[in-house]
2 protein chains.
Amino acid sequence: MRRMTARPANAHQARLLRLLRDGGPNSRAQLGDQIDLSRSKLAVEVDRLLETGLVVADGLAASRGGRRSHNIRLAPALRFLGVDIGATSIDVAVTNAELEVLGHINQPMDVREGPVAVFEQVLAMAAKLKASGLAEEFDGAGIGVPGPVRFPEGVPVAPPIMPGWDGFPVREALSQELGCPVLVDNDVNLMAMGEQHAGVARSVGDFLCIKIGTGIGCGIVVGGQVYRGTTGSAGDIGHIQVEPDGRACACGNRGCLEAHFSGAALARDAEEAAQQGRSPELATRFEAAGRLTAADVAAAAAAGDATALGLIREGGNRTGQVIAGLVSFFNPGLVVIGGGVTGLGHTLLAAIRTQVYRQSLPLATGNLPIVLGELGPAAGVTGAARLISDHLFSPA
Amino acid sequence: MRRMTARPANAHQARLLRLLRDGGPNSRAQLGDQIDLSRSKLAVEVDRLLETGLVVADGLAASRGGRRSHNIRLAPALRFLGVDIGATSIDVAVTNAELEVLGHINQPMDVREGPVAVFEQVLAMAAKLKASGLAEEFDGAGIGVPGPVRFPEGVPVAPPIMPGWDGFPVREALSQELGCPVLVDNDVNLMAMGEQHAGVARSVGDFLCIKIGTGIGCGIVVGGQVYRGTTGSAGDIGHIQVEPDGRACACGNRGCLEAHFSGAALARDAEEAAQQGRSPELATRFEAAGRLTAADVAAAAAAGDATALGLIREGGNRTGQVIAGLVSFFNPGLVVIGGGVTGLGHTLLAAIRTQVYRQSLPLATGNLPIVLGELGPAAGVTGAARLISDHLFSPA
DNA sequence: AGGGCTTTGTCCTGTAACTGGAAAAAGTGG
DNA sequence: CCACTTTTTCCAGTTACAGGACAAAGCCCT
């Protein structure tokens with residue numbers, strides 16, 4: 001029953017909460033260095049936050065040559081729930097107010113089972129985390145889904161790989177069930193927010209976050225803010241055409257990037273190669289399991305299989321070609337590559353880099369890092385927690 | 001000597017100035033409806049602005065059933081200079097504080113002559129406008145150049161079609177010569193701002209503005225603000241690859257969009273067609289003038305020449321292919337097509353639309369207008385004036 | 001132990017920002 | 001001339017905020 005009922009009363013308080021979230025516990029003096037307020041006003045706002053219970057003062061910090069300071073920190077009992085619904089599995093995690101992941105579970109699940117079945121499982125997973133003592137209640141939850149979302153309402157719109165989800169009131173339904181504020185966003189955007197908060201994209205204002213999983217998507221961050229586009233479909237780069245009259249895509253067109261390279265496409269190509277006898281390594285695995293996944297290709301490549309390496313390289317080239325265009329257009333300060341397929345590692349990254357550095361102009365690529373995400377599966381759930389905390393830590 | 005020395009003292013005053021700029025003269029009561037301030041506070045700020053001379057109260061408006069209101073308007077003597085330096089010509093215009101173009105002149109000039117020669121001409125043109133009595137002095141100037149700009153410093157960086165301009169301190173030099181504040185930006189960004197202020201893009205928050213002239217560029221507007229990228233090269237879509245191993249481009253690569261379609265490429269292809277006897281219409285014009293331009297192709301197409309129409313259609317397809325990718329990625333609320341080549345009119349637009357609507361997903365294209373800019377050559381200079389007025393109408 | 005010095009936190013006072021109501025000014029229409 | 005509307009001004013009270021004085025609590029050196 002101890003829920004976060006209070007919200008910051010003004011922009012100063014919101015700012016302070018975010019400083020404490022991102023910088024950890026701080027003294028009043030340290031906070032004063034980071035915010036443009038007089039000490040008196042700062043003290044007043046901190047006192048008000050203390051009254052609401054959103055922050056607590058616990059103990060004294062070590063002296064730095066003078067009077068010891070009080071440690072101000074966010075309420076230690078605050079808990080956020082981060083949910084990342086992928087095409088084939090679900091990640092659920094609990095974080096504290098500083099967005100540190102306290103517990104994280106992952107279970108396989110086909111998103112095509114529909115919202116009702118998926119939410120049943122999400123709620124069970126959340127209950128499991130509660131039962132393990134990591135949280136009494138949740139003060140807010142962020143939900144990522146693998147498709148476009150009308151963000152203000154928290155409703156998926158025309159999601160290609162999520163039949164049955166179109167128009168389903170995800171935000172409303174989960175808010176009801178969980179009994180706390182909920183925000184819903186595209187999974188790629190959450191990954192971008194995760195890497196921004198705790199990963200490779202800290203301190204970068206404008207960057208792109210490419211997620212290669214079952215499909216391919218791109219999170220766009222402009223001036224530190226996620227850009228979602230007019231209808232919430234920004235970053236939907238999986239259906240950019242990379243080859244006229246190329247492979248048929250589920251969307252109805254031909255030659256889409258996603259039809260040529262993605263977790264699903266890679267598995268398909270690998271099975272094809274195995275059946276055609278072009279790769280003994282893949283054939284062995286195919287016979288053993290009856291099917292192949294991106295992980296098999298990664299393993300085969302690591303074992304030196306030329307065909308597997310070729311598939312990865314070709315996919316990287318295709319992806320790099322698209323990213324090169326995006327880099328020319330968007331001129332980001334960083335490109336992050338993430339998602340399930342990053343298990344393909346350096347071979348993939350090298351192919352992408354080669355394409356981008358060759359095709360884009362030097363002014364855009366001159367100082368452009370292209371790196372793998374460093375948070376892995378934690379990126380999505382961390383981003384989800386960040387999303388809802390950004391919301392709760394803003395003036396009511 | 002009557003120069004705009006004063007600047008708004010706070011955000012409220014800045015807001016008021018912009019309201020008066022964009023909405024024209026207004027009474028205090030009307031201003032009060034558009035700004036979140038009490039009448040008393042509003043009156044105080046208006047009085048302060050009156051004291052500085054930035055705004056004036058002239059005459060009474062007609063009654064609307066009660067006491068007649070005072071007309072508050074921006075100082076009528078305020079003048080902004082808008083300069084749009086293209087690859088082959090220069091546009092210079094004077095506007096009043098409401099950014100209405102009072103006078104506009106255009107002269108041919110090759111930007112490759114270098115900054116010194118170009119600025120000599122710009123200053124001469126500005127002097128001519130002054131001499132015609134449209135302005136005593138300029139209170140600010142916006143300058144557009146056809147290449148990437150490091151915006152905070154107002155310095156072109158690595159501009160492909162502007163040899164000799166790299167690193168030239170445009171802002172500083174012109175500020176000195178003109179004796180007023182100056183801002184420098186990419187010409188495409190200014191076109192976007194122009195269409196946003198007075199053209200088709202009013203009231204659209206996120207849109208793209210494609211300018212097809214000698215080269216091809218794209219202005220990106222996010223949340224009403226121009227997005228310039230990390231190094232100022234955002235929107236540089238002319239060098240996105242549209243055909244592997246395609247035409248050689250000036251940038252050193254092959255298959256760039258600009259190498260296949262742009263004012264320059266179109267002229268080249270038209271001359272080729274004329275010489276190869278594929279088009280009698282173009283051949284006649286070629287013999288008459290010794291060379292061909294995009295305008296010739298437009299004229300030939302208007303006369304029904306199949307080859308000319310084919311060139312336009314093919315170019316539109318190529319451009320549309322790239323724009324389709326950008327639409328998928330950026331999910332804009334509007335796409336504006338502008339620049340010199342828009343003389344090609346509906347044929348071009350139709351080809352672009354076809355490609356975009358076919359290649360991008362319905363969610364992104366469902367309600368996406370793709371239209372020609374409605375300001376023509378005035379877009380750039382209006383945008384330039386808007387740029388500097390935005391700067392001057394913000395807190396000092 | 002005691003005195004100088006530093007850092008942290010609190011208190012207090014004066015000023016500027018701001019709101020909302022009352023009232024005046026200036027109009028319309030019957 | 002009166003009732004009513006719209007616009008503007010005036011005024012009094014509240015809140016936001018800055019910055020200085022000062023107290024508290026530590027350090028280090030003698």
Side-chain angles (χ1 to χ4, degrees), chain A residues 6-20 23-74 394-396, chain B residues 6-20 23-52 54-74 393-396:
Chain A
R7 286 277 289 277
N10 57 42
H12 296 315
Q13 293 185 12
R15 183 82 207 289
L16 288 170
L17 292 176
R18 291 179 191 213
L19 284 174
L20 290 171
N26 259 306
S27 68
R28 290 171 169 85
Q30 285 172 312
L31 288 172
D33 295 340
Q34 302 171 68
I35 197 173
D36 193 27
L37 276 182
S38 65
R39 280 165 316 181
S40 9
K41 178 62 179 165
L42 175 75
V44 169
E45 296 298 350
V46 170
D47 285 347
R48 288 185 190 161
L49 283 173
L50 286 168
E51 276 172 37
T52 66
L54 279 171
V55 306
V56 298
D58 60 343
L60 297 171
S63 164
R64 299 194 310 159
R67 175 173 171 176
R68 293 171 65 191
S69 60
H70 295 270
N71 250 336
I72 310 290
R73 68 169 70 225
L74 290 167
S394 42
Chain B
R7 286 278 288 277
N10 58 43
H12 296 317
Q13 293 185 13
R15 183 82 209 287
L16 288 169
L17 293 175
R18 290 178 191 213
L19 284 174
L20 290 170
N26 259 308
S27 68
R28 285 174 236 260
Q30 286 172 311
L31 288 172
D33 294 340
Q34 301 172 66
I35 198 173
D36 194 27
L37 274 183
S38 65
R39 290 174 319 251
S40 351
K41 178 62 179 165
L42 175 75
V44 169
E45 296 298 352
V46 169
D47 285 346
R48 287 184 191 161
L49 283 173
L50 286 168
E51 275 173 38
T52 66
L54 279 170
V55 306
V56 298
D58 60 343
L60 297 170
S63 164
R64 300 194 309 160
R67 173 173 173 175
R68 294 170 64 192
S69 61
H70 294 270
N71 251 335
I72 309 291
R73 69 170 68 223
L74 290 167
F393 292 170
S394 42

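For clarity, every value in this text was computed on a predicted model and none was experimentally measured. The figures that follow rest on heavy atoms only: side chains count, while hydrogens, waters and symmetry mates do not. Residue numbers start from 1 in every chain, and the chains themselves are labelled A, B, ... in the order their sequence lines are given, proteins ahead of strands.
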Quiz prompt | Side-chain N,O (A:S38) to OP1/OP2 (D:dA18) below 4.0 Å | solution = yes
Quiz item: A:R67 side chain N/O closer than 4.0 Å to the phosphate oxygens (OP1, OP2) of D:dC27?
Solution: no
Exercise. Using a 4.0 Å heavy-atom cut-off across all strands, classify B:K41 as base, sugar-phosphate, or nothing.
Key: base
Quiz item: Could you give the start and end, 5' to 3', of the contact zone on DNA chain C for chain B, using atoms under 4.0 Å from its heavy atoms?
Solution: C:dA17 to C:dT28
Practice problem: Nearest whole angstrom, please: distance from the P of D:dT8 to the CG of B:D47. | Solution: 11 Å
Quiz item: Could you state the CD1-P distance from B:I72 to D:dT7, rounded to the nearest angstrom?
Solution: 13 Å
Practice problem: Would you check if B:N71 and B:P25 make a side-chain contact, meaning some heavy-atom pair closer than 4.5 Å? | Solution: yes
Quiz item: Between atom NE2 of B:H12 and atom CD of B:E45, what is the distance when rounded to the nearest 0.5 Å?
Solution: 6.0 Å
Quiz item: Can you tell me how far CZ of A:R15 sits from CG of A:L20, rounded to the nearest 0.5 angstrom?
Solution: 11.0 Å
Quiz item: Starting at the 5' end of DNA chain D and moving along, which residue's nearest nucleotide shows up first, A:G66 or A:D36?
Solution: A:D36
Exercise. Could you check which of D:dT6, D:dT9, D:dG20 has an atom nearest any side-chain atom of B:R39?
Key: D:dT9
Quiz item: Between B:H12 and A:N71, which has a closest nucleotide on DNA chain C that is more 5'?
Solution: A:N71
Quiz prompt | Residue mapping more 5' on DNA chain C - nearest nucleotide basis, A:S40 or B:R48 | solution = A:S40
Quiz item: Which atoms form the tightest heavy-atom contact between A:L54 and A:R7, and what is the distance?
Solution: CD1-C, 4.1 Å
Quiz prompt | Residues B:E51, B:R48: salt bridge by 4.0 Å N-O rule | solution = no
Quiz item: Please walk me through it: do A:D47 and A:R28 pass salt bridge (charged side-chain N to carboxylate O under 4.0 Å, His left out)?
Solution: CA-CA 10 Å; A:D47 285 347; A:R28 290 171 169 85; 3.5 Å; yes
